Amino acid sequence: EEALVGAVTEARRAAPAVLFLPHLRLWWDSASPTLRATLRALMEDVPGDLPLLLLATCDCDAEELDAEAAGVFGDGQVMRLEAPSAAAREAYFE
């Protein structure tokens with residue numbers, strides 16, 4: 001919990017900043033309820049005009065996430081990325 005609070009506090013102080021949370025589902029499933037609540041509270045306390053981005057990755061659809069984990073992000077703040085086709089990858093490097 002202390003490390004999470006420190007990371008968010010430092011990001012707020014150094015804004016604009018990005019907080020990166022890889023493997024959100026795995027993190028959420030292994031985090032204690034207190035740590036989960038701490039993350040939610042810290043994100044809810046971020047002012048709307050503060051340039052702070054919470055970037056999380058997940059290997060599942062947003063609908064498959066625990067409702068509380070998905071609730072960390074507001075409506076319309078989830079992007080789904082598809083793997084490019086072989087033709088698109090080749091075109092990129094031409």
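Residue numbers count from 1 along this sequence. Just so it is clear, the structure is predicted and the values come from calculations on it, not from any experiment.
Under the 4.5 Å side-chain criterion, counting only non-hydrogen atoms from C-beta, L42 is in contact with T38. Here the side chains of L65 and L24 are in contact, with some heavy-atom distance below 4.5 Å. Looking at heavy atoms from C-beta onward, L4 lies in side-chain contact with V8 at the 4.5 angstrom threshold.
Looking at residues two or more places apart in sequence or on another chain, you find a side-chain contact (heavy atoms from CB on, under 4.5 Å) between P47 and R12, D49, L50. The side-chain contact (heavy atoms from CB on, under 4.5 Å) test applied to T57 returns F20, P22, not counting sequence neighbours. For E1, there are no side chain to side chain donor-acceptor pair (under 3.5 Å) partners, not counting sequence neighbours. R25 pairs by the side chain to side chain donor-acceptor pair (under 3.5 Å) definition with D59, not counting sequence neighbours.
Within the structure, every pair that satisfies the side chain to side chain donor-acceptor pair (under 3.5 Å) test and touches residues 81-93, not counting sequence neighbours, is listed here: R80-E82. Among residues at least two apart or in separate chains, salt bridge (Lys or Arg N to Asp or Glu O under 4.0 Å) pairs with a member in residues 32-41 are R40-E44.
Heavy atoms only, all atoms of each residue included: A62 and A70 are closest at O-CB, 4.5 Å. When every heavy atom of P51 is checked against every heavy atom of A15, the shortest pair comes out as O-CB, 3.8 Å.
Residues L26 and F73 are members of separate hydrophobic clusters, defined by side-chain heavy-atom contacts under 4.5 angstrom among Ile, Leu, Val, Met, Phe, Trp and Tyr. The cluster map of Ile, Leu, Val, Met, Phe, Trp and Tyr, joined by side-chain heavy atoms under 4.5 Å apart, puts W27 and V78 in the same cluster.
The only option from L35, L21, L39 that meets the side-chain contact (heavy atoms from CB on, under 4.5 Å) definition with W28 turns out to be L39.
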